There are 2 protein chains.
Amino acid sequence: MAHSYDDVGMRDVARDVGVDAALVSRYFGGKEELFLDVLDSCKNKRSLIDGDRTEFGLRVARQIIEGPEDEDDNGFTGLLVLLRSIGSSKAMDIVQRTSDANFFQPLTEWLGGKHAAGRARLLAGMIMGVAISREMSAGYSEVAGVERETMVQRFAAILQAEVDAG
Amino acid sequence: MAHSYDDVGMRDVARDVGVDAALVSRYFGGKEELFLDVLDSCKNKRSLIDGDRTEFGLRVARQIIEGPEDEDDNGFTGLLVLLRSIGSSKAMDIVQRTSDANFFQPLTEWLGGKHAAGRARLLAGMIMGVAISREMSAGYSEVAGVERETMVQRFAAILQAEVDAG
DNA sequence: AAGTCTTGTCAACAGCTGATGACAAGCTCA
DNA sequence: TGAGCTTGTCATCAGCTGTTGACAAGACTT
């Protein structure tokens, strides 16, 4: 699982790699720089934008609501880390800058057409929100499988409408 | 501004009230209990649900996108604190339980009709996401005023459609 | 072979966190 | 008046954080 900025310590990172914490701190030049590097390493995936434009809604909706089949990076892990790191005053600067440069702006350009910025913001917001609502109620009010498929279809239509609105 | 669980220390809370931190810790029984009390104090507002059902979309969309006129509690502060506190392993339990009890479930009941749980989840997710996207790009790519009004209208229609879908 | 750079560890640092025991002043009530 | 409760402060605690200086072993270069 991907965590947040505040929640992951240097010693955690170091342990995962089997190395001393001092080395990590030194190699990256500090925790913030490490965070920035991690986020930048996720930006090249562009899994949101890549793919058929006419199936954007369905593709994204399914991935967000049903979650990734493989436990590894599904292209949204970077976004989830970003979302979880909101609320951290130390990471806020990086979060704002990165989300803008790696998420909002590319989406705006890809959308094009009328009110591209506003539509991108709306689209990004809805995607982030549904993604995060999934783990906010994890283990509590699970939505049944049948109903989930309906959710996917509804959400897909909403997203696609925003893409085609240009 | 409302902050997150990890970002606000006992000493901060105490200073704001003009009191020693020890008193706060003792009076509430600990930081987690304080957090829980704060969240519960926000639940009675029900500002999402209260009001005309046929204007739910417009009312919520305007409040979320344009922000509150008064700097004080606009009924969404509790939700924003909740959102920002995701990513904190210490607050996660409380966040999940509270958001379910004070947010998802009331919304589900209020919605009613077919697939109420799924629609509520979708609705809640979109609302949270757009709310949070506003502060993720604060100061960077501001959306112009004209475009913002279009956003409000589009978002309102999306939300209202989900309400009426039952 | 000698010098130097990289890769890495260890111990320690200052700064912060939430919490707690000891204690003081003021209030209430018998 | 004196007992007991509330309200509040202060110093202090252990635990955690990111960072850094000192040092060691290996690899590469001259």
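Below, chain A is the first sequence line, B the second, and so on; all start at residue 1. Since this is a predicted model, take the numbers as computed values, not measurements.
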Enquirer: Scan for side chain to side chain donor-acceptor pair (under 3.5 Å) pairs involving residues 149-158 of chain B, sequence neighbours excluded, and state none if there are none.
Expert: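 Matches after skipping sequence neighbours: A:E162-B:R154, B:R62-B:E149, B:E149-B:Q153.
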Enquirer: For A:S25, which residues count as a side chain to side chain contact (heavy atoms under 4.5 Å, CB included) partner, sequence neighbours excluded?
Expert: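 So A:S25 forms no side chain to side chain contact (heavy atoms under 4.5 Å, CB included) with any residue.
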Enquirer: Could you state the interatomic distance from CG (A:D100) to CE (B:M136), rounded to the nearest 0.5 Å?
Expert: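 Between A:D100 CG and B:M136 CE, I get 9.5 Å after rounding to 0.5 Å.
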Enquirer: Extract from the structure each pairing of a protein N or O with an N or O of nucleotides 14-18 of chain D at less than 3.5 Å, listing the distance.
Expert:
unit_1: D:dG18; atom_1: OP1; unit_2: A:K31; atom_2: NZ; d: 2.6
unit_1: D:dG18; atom_1: OP2; unit_2: A:M10; atom_2: N; d: 2.8
unit_1: D:dG18; atom_1: N7; unit_2: A:R11; atom_2: NH1; d: 2.8
unit_1: D:dG18; atom_1: O6; unit_2: A:R11; atom_2: NH2; d: 3.1

Enquirer: When rounded to the nearest 0.5 angstrom, what is the spacing between CG in A:L36 and CZ in A:R97?
Expert: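 Atom-to-atom, A:L36:CG and A:R97:CZ are 7.0 Å apart.
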Enquirer: Going by salt bridge (Lys or Arg N to Asp or Glu O under 4.0 Å), name the pairs with one or both residues in residues 4-25 of chain A, residues two or more places apart or in two chains.
Expert: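 Found A:D12-A:R15.
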Enquirer: Quick check: do B:L107 and B:R119 have side-chain heavy atoms less than 4.5 Å from each other?
Expert: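 Contact flag for B:L107/B:R119 side chains = no.
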Enquirer: May I have the step-by-step check of side-chain contact (heavy atoms from CB on, under 4.5 Å) for B:F155 and B:V60, ending in yes or no?
Expert: CA-CA 9 Å; B:F155 193 40; B:V60 173; 5.5 Å; no
Enquirer: Do you reckon B:V8 sits in the same ILVMFWY cluster as B:V19, going by side-chain contacts under 4.5 Å, direct or chained?
Expert: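 Per the 4.5 Å side-chain linkage, B:V8 and B:V19 are co-clustered.
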Enquirer: Calculate the interatomic distance between B:Y27 atom OH and D:dT7 atom C1'; express it in whole Å.
Expert: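 From B:Y27 OH to D:dT7 C1': 11 Å.
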Enquirer: When you group the ILVMFWY residues by side-chain heavy-atom contacts below 4.5 Å and let the links chain together, are A:I94 and B:I86 in the same group?
Expert: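 In one cluster: yes.
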Enquirer: Each nucleotide in nucleotides 22-28 of chain C should get exactly one letter: B, S or -. Can you fill that in based on protein heavy atoms under 4.0 Å?
Expert: B------
Enquirer: Output the residues of residues 14-24 of chain B in contact with DNA chain D, where contact means a heavy atom of the residue under 4.0 Å from an atom of the strand; sort by number or write none.
Expert: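 Here the set is B:V19, B:D20, B:A22, B:L23.
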Enquirer: Might you confirm whether atom CD of B:E55 has over 12 heavy atoms from other residues, nucleotides or ligands at distances under 6.0 Å?
Expert: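 Open.
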